[in-house]
Amino acid sequence: MKPSDFETVRVDTDLLILGGGMSACGATFEASYWAKKHGLKVTVVDKAAMDRSGAVAMGLSAINQYIGYGKGQNTVEDYVKYVRQDLMGVSREDLVYDIARHVDSSVHLFEKWGLPIWKDESGEYVHEGRWQIMINGESYKVVVAEAAKNALATLGDKGQLFERVFIVEPLLSNGKCVGAVGFSVRENKFYVFTAKATIACMGGAVHVFRPRSVGEGLGRAWYPPWNSGSTAYFTIRAGAEMTCQEVRFIPVRFKDGYGPVGAWFLLFKSRATNALGEEYMVTRANELPKWAPYGTAKPIPANLRNWLGMEDVMAGKGPIYMRTEEAIANLAAEYKDDPKAFKKKMKELEAEAWEDFLDMTISQAILWAGMNIQPEEKPSEIAAAEPYFIGSHSGASGAWVCGAEDLMPAEYRKQWEPIGVYNHMTTVPALFTAGDGAGASSHKFSSGSHAEGRIAAKGAIAYILDHNEAPAVDEAQVAALRDKILAPLARFEEFAPISSDPDINPNFIKPKMFMFRLQKIMDEYCGGVSAQFTTNKSLLERGLDLLTMLKEDSEKLAASSLHELMRCWENVQRLWIAESHLRHVMFREETRWPGYYFRADFPDMDEKNWHCFVNSVWNPATGEWTMKKVPIVHLDV
Ligand code: SFD
Ligand code: AMP
């Protein structure tokens with residue numbers, strides 16, 4: 001397969017939506033409504049099949065952001081305070097407020113579209129926790145994708161969906177985003193999308209760090225390995241300002257199967273103990289005042305919950321166990337005097353325990369079976385997983401975006417006045433993002449990402465109506481991008497014949513080997529699992545040297561097929577996320593999120609000097625990175 005075998009397909013549209021996940025489905029649903037009103041074209045591009053793509057491909061067992069303010073259960077202000085607290089003070093509270101005031105309407109739409117939400121005897125949603133509601137969510141993504149596709153279909157031939165097309169780079173014209181380029185992972189087609197506005201919603205990044213699951217377990221992860229950081233790569237390469245790229249998310253998960261813990265801690269009220277039976281959240285509580293005011297408020301931030309467990313592991317008190325057997329026994333205890341009711345309750349709890357994983361992370365259920373674990377009888381090991389970049393969960397990495405007119409602090413607004421104040425536009429004109437793509441607005445999850453996609457779509461349509469002229473596209477740029485993106489195929493074609501093993505060749509490197517080297521560098525120098533999530537300036541500087549050499553070697557990547565070509569560019573995208581993350585961790589000279597990463601050379605939180613955002617810009621013209629502090633403007637809530 002060689003580049004000359006490829007046909008170039010040109011698609012000119014008004015609004016380009018990149019990705020087919022939760023935020024992209026929200027954007028497609030909302031954009032189709034307004035596009036119909038204004039006779040605009042909407043084009044959606046997903047690397048996979050929308051029905052089963054992205055983080056919700058396997059389904060979910062809960063919706064983790066539901067405010068219930070319509071029923072007076074909580075206020076939007078409560079949620080802003082919750083997120084401020086959980087991220088140790090660092091969040092764009094105007095964005096969090098805007099998403100929280102819209103999210104319930106997305107959840108109500110999901111129910112109308114057929115998503116089964118658990119109801120109690122009075123017909124109220126069953127809560128897993130204050131903000132989380134339980135669902136039978138195996139087909140969650142299918143339900144949400146169907147609604148998005150139905151909305152797109154109302155546009156007739158002005159509504160297009162391209163599946164199995166992998167987006168690589170932005171198209172730029174005088175600093176403005178005018179579209180994107182990519183290739184089909186099924187046919188020899190190179191795609192050029194031009195657009196008046198683009199929304200990048202291609203999820204977060206996984207496998208930047210060496211995973212806990214290696215060898216036979218390689219590929220097991222909590223967040224999906226098929227999200228390779230395409231959004232952040234796209235916005236960084238466009239020259240957009242990024243924020244909180246240091247704020248990785250380290251989820252504690254059932255070990256090796258990556259099953260989530262939320263339902264066990266919140267719904268089943270389970271404890272986690274060390275090998276001595278000690279509950280580290282209790283025995284190590286004296287560590288928390290050190291991280292005040294966040295360590296002394298409730299709920300305890302996710303990173304600090306991790307940190308107390310990590311301290312036990314570092315003290316040699318592992319393994320750490322989720323006491324599923326104890327939790328189920330406690331929940332069934334009230335029925336012990338009625339053997340029939342007790343048996344029924346045990347069956348019910350057993351079913352809920354298995355469904356939690358069968359709806360979401362099937363590998364955990366398979367591992368339970370493979371390890372002869374029955375949760376009602378045996379506790380399961382849990383462990384802190386490798387770092388993920390997922391600004392929609394308890395991480396905060398992503399692009400710095402414009403907020404809502406009625407909420408955004410003036411300090412931030414002035415940055416967009418020269419290019420236009422459009423909700424969720426990045427600092428690059430005509431480029432919008434949402435979900436994992438938008439930074440400093442954590443705890444959005446599946447529902448908040450959908451609502452945020454809707455917010456971004458309205459901002460993008462408003463931008464198009466004010467800038468409704470066809471974008472100027474630089475054909476030389478398109479030709480250069482085509483050559484660069486298809487080059488790994490040409491390299492394999494040229495050099496493969498000199499070696500008897502297609503994976504070993506002095507003239508090129510294959511994507512999997514490239515990924516292994518990246519993961520090793522990040523694990524050892526930037527505070528991965530094997531480094532107990534700890535790093536310092538010297539390690540980071542050495543890591544940056546090695547990443548710089550790896551970037552040089554990225555020009556020697558080779559691909560023998562379309563699939564490997566996608567793997568090549570997935571790993572180049574991971575490399576850029578890695579560099580961006582490392583530069584942010586290096587710039588912030590404190591430890592603010594113990595449990596996510598620890599700066600051994602700056603072991604304390606420094607509210608005086610570092611109660612701020614760390615933002616960065618990569619300049620496409622010069623290749624220079626600029627780092628800066630940005631003040632946090634707290635809403636008066
Ligand atoms: O509890 C390209 N999440 C949970 N959210 C909840 O609300 N409840 C839960 O129970 C959650 N749990 C959970 C969650 C995620 C995962 C993986 C597990 C368990 C195992 C989080 C949400 O899923 C998450 O917040 C949202 O899905 C984020 O939405 P978004 O839109 O930012 O990302 P996406 O849905 O992954 O979609 C990405 C899309 O982009 C496509 N794509 N397309 C073209 N070209 C490229 N180069 C592309 N790269 C990616 C993808 O195909 C996809 O369509 S709990 O454990 O947290
Ligand atoms: P997880 O399963 O870790 O992805 O968490 C799912 C949801 O439950 C998220 O909203 C978490 O913030 C929340 N959560 C998980 N564990 C706890 C806990 N111990 N206390 C409070 N909230 C939690």
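Computed from a predicted structure; not experimentally measured. Counting convention: from 1, in listed order, for ligands and their atoms alike.
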Val261: numbered ligand 2 atoms lying under 4.0 Å from its heavy atoms:
2 (O), 3 (O)
Any N or O of Gln65 closer than 3.5 Å to N or O of ligand 1
no
Identity and distance of the protein heavy atom lying nearest atom 8 (O) of ligand 2:
Leu266 CD1, 3.4 Å
For Lys47, give me all partners under salt bridge (charged side-chain N to carboxylate O under 4.0 Å, His left out), at least two apart in sequence or on another chain.
Glu570
Polar-atom distance check: Ile390 versus ligand 1, any N or O pair below 3.5 Å?
no
For Phe183, run the side chain to side chain contact (heavy atoms under 4.5 Å, CB included) check against Leu489, Thr8, Ile485, Val165 and tell me which one passes.
Ile485
Has Ser447 got a side-chain atom pairing as donor or acceptor with Gln65's backbone, closer than 3.5 angstrom?
yes
Of the side chain and backbone of Phe445, name the one, both, or neither that has a heavy atom under 4.0 Å from an atom of ligand 2.
side chain
Using distance alone, decide if ligand 1 has a nitrogen or oxygen within less than 3.5 Å of any nitrogen or oxygen in Asn227.
yes
Taking heavy atoms and a distance under 4.0 Å, where does Trp264 meet ligand 2: side chain, backbone, both or neither?
neither
Candidate with minimal heavy-atom separation from atom 16 (N) of ligand 2, of Arg253, Lys269, Arg130, Arg305:
Arg305
Counting heavy atoms only, which of Asp51, Val44, Asp46 comes nearest to atom 51 (C) of ligand 1?
Asp46
Do side-chain atoms of His450 reach the backbone of Met22 as a donor and acceptor pair under 3.5 angstrom?
no
Asn423 and Asp98: side chain donor to acceptor below 3.5 Å:
yes
Is Asn303 reaching over with its side chain to a backbone N or O of Pro594, donor-acceptor style, under 3.5 angstrom?
yes
Is any N or O atom of Phe249, backbone or side chain, closer than 3.5 Å to an N or O atom of ligand 2?
no
